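Presented below is the structure to which this report refers.
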Amino acid sequence: MSKSLREASLSYVEALKKSWNEIDYILSTAKSVERNVLNGIVRERVYRCFRSLYPLRRDGSFSIGRASVSKWILFRRDDYMVRGVPVDSSTILEFAKEYGEAFKPYVRSSIRDVFGQLVDLTFQIAGDYDVRVVRKTDPLKIHLVQLRYDAGVQDRMVSGFAVDNNYPHYVKLYYDDISDLSSPDLVVEVNDVRTLIILSETIDVLVDLYRELEEKVMDAFEKDIEVIERMEEVVSPWMIAREFST
Amino acid sequence: MDDCERVFHLNVLGEDVMSSGSLRDLAYSFVDSLKSNIGKYNFIVNVAESVSSYNLKGVICDRVYDCFKALRPLRNDSFAVNDDISVGDWIYFRREYMFRRRAVPSDLIIEFIKEKGDMIAPHVRSRIREDFVSLVELTKNLEYFYAAEITEFFDPVKVHVVDLSAADKIRSYDVTGVRVENSSPFHVQIFCGGSLPDTDLNIRATVNCFAIMEMIDILFRVYDRLKEKVFSVFNRDLDIVKRMEMIASPYAVAEDFCLGSSR
């Protein structure tokens, strides 16, 4: 009996090796579509574009609403903040979309046009990338293998899968009812070997799920990157000048 | 390392990928075999839990300590046996680096009594002296050393460790021997051809699940031998402790009554 366990384990590991492309695809996609990371990339590049125009004004400061502009921008995220804080990569998009238009006439004349173009392009950036993908399937048998305490194996039937790019390493599983997506029956982490069995048992669905997630997220992200590249083109003289000056 | 053993890092879904249906089937058949062998795995884990030398020493220490504790007060006054040991209600000792004497704790009782019991015995109160001496004699008979190890060598057996967070996700070893020690019973030391262990596997870590399952028979045998070896000594000590408890039981009962009446 146990000889067959050894054989079963060996052939399973061999199959894993051969299917590693698929597992690796899931793991690498989960890494590449993470919402925070993509948002960070976009915001950082937008920030660098605006920052290359520093100083925005030579003298004095001008305020509208929760923002004020002098050499750089001070911005209050909400009305509860007493003072504005210098705009950084985390707030640049909010500032540009909310107050960019209003501040156009008040930045120094030599950058006024470029500033205006940047603000206009900012409106084309979608950002955020909150994507969720859901699949309903015929019931699939999975096994929960528990080794740590009182080892045992439990069988479950799964008929729904959901994954989002907020926590793309976690797949939510639903046993029968997927009407309430916020309460999954089981959450498994794809890069955890404890769920390798479940990963193997549902590999088709998961590859499909991650492929759709990647497509949706990357479509939006790449569109934004195109806009940012145009922004970078617009400010490239200032960026180069800045490089030389520093 | 042949092609098969290499870890693949391709983002493109390759063509020579085994159909996922068969991966699923093989996962199912692995789980089925696992289910039918889970008893063996549980046996290994239970043995590992029960043979820990640290735990066994603790059990014996506590019971021996209770036996001596039942004879309290050892004296009605305080008496300095020498500069470092005094006997009063209980036994107090001092080491070179200690400023004051401290009560002998349960984890030191056996070593202390083995070493100094004869010196203390004449100074305990006369009504318990005889029983105290018997307890000291029995304590000296305790082996109180449960360190054991089992090493077994065999023809090379291929095993795999799958770790998704490691750089090399699937590692394979040609295992020629295993060693388990009850000082660290959850770790299996693995020999891959040499006379020194190459690595060790924690039997409760899921990353080692495949390696453990691929060696389940060997490990079952080794842990069974470890259990036998450890418990042959431990059970002998346990018999001695039971005799000590027989001697101490009237005092323990009397103490219970006293405590009961004072409540």
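Sequence lines set the chain letters: A, B, ... in the order given, protein chains first and strands last, and positions in each chain run from 1. In this text, all values refer to a predicted model and were calculated from it rather than measured experimentally.
Contact detail for His160(B) and Leu10(A): the closest heavy-atom pair is CE1-CD2, 3.5 Å. The heavy-atom pair separating Tyr28(B) from Lys141(A) by the smallest distance is OH-O, 2.6 Å. Across every non-hydrogen atom of Ser29(B) and Ala8(A), the tightest pair is O-CB, 4.0 Å.
Using a 4.5 Å cut-off between heavy atoms, Ile38(B) contacts chain A through its side chain alone, with no backbone atom that close.
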Q: Show your working on salt bridge (charged side-chain N to carboxylate O under 4.0 Å, His left out) between Asp204(A) and Arg24(B) and close with a plain yes or no.
A: CA-CA 9 Å; Asp204(A) 290 340; Arg24(B) 182 184 300 156; 3.5 Å; yes

Q.
If you apply the rule side chain to side chain contact (heavy atoms under 4.5 Å, CB included), what do you find for Asp155(A) with Lys35(B), and how did you get there?
A. CA-CA 11 Å; Asp155(A) 298 354; Lys35(B) 272 182 190 169; 3.0 Å; yes

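If you tally non-hydrogen atom pairs under 4.5 Å between each of Ser9(A), Ser32(A), Ser11(A) and chain B, the highest count goes to Ser9(A). For the set Val145(A), Leu27(A), Leu196(A), the entry with the most heavy-atom pairs within less than 4.5 Å of chain B is Leu196(A). No other option in Ile212(B), Ile203(B), Val159(B), Val157(B) has as many heavy-atom pairs under 4.5 Å with chain A as Val157(B).
Contact of the Asp217(B) side chain with the Arg6(A) side chain is not registered, since no non-hydrogen atoms from C-beta on lie closer than 4.5 Å. Under the 4.5 Å side-chain criterion, counting only non-hydrogen atoms from C-beta, Val13(A) is in contact with Glu214(B).
Counting heavy atoms of neighbouring residues, nucleotides and ligands inside a 6.0 Å radius, atom CE of Met246(B) does not exceed 12 of them. For Lys227(B), the NZ atom is loosely surrounded, since the number of other residues' heavy atoms within 6.0 Å does not exceed 12. Heavy atoms of other residues, nucleotides or ligands lying less than 6.0 angstrom from OH of Tyr170(A) number 12 at most. By the 6.0 Å contact criterion, NZ on Lys31(A) is open, its count of non-hydrogen atoms from other residues, nucleotides or ligands being 12 or less. Annotation for Tyr54(B): atom OH does not count as buried by contact number, only 12 or fewer foreign heavy atoms lying within 6.0 Å. Residue Phe112(B) places its CZ atom among more than 12 non-hydrogen atoms of other residues, nucleotides or ligands, all under 6.0 Å distant.
Put simply, CZ on Phe30(B) and CD on Glu7(A) are 13.5 Å apart, with the number rounded to the nearest 0.5 Å. With values rounded to the nearest 0.5 angstrom, Leu23(B) atom CG is found 7.5 Å from Glu22(A) atom CD. Considering CG of Leu5(A) and OH of Tyr41(B), their distance stands at 12.0 Å, rounded to 0.5 Å.
A donor-acceptor pair is defined here as one N or O able to donate and one able to accept, closer than 3.5 Å; no such pair exists between the side chain of Tyr12(A) and the backbone of Asp25(B).
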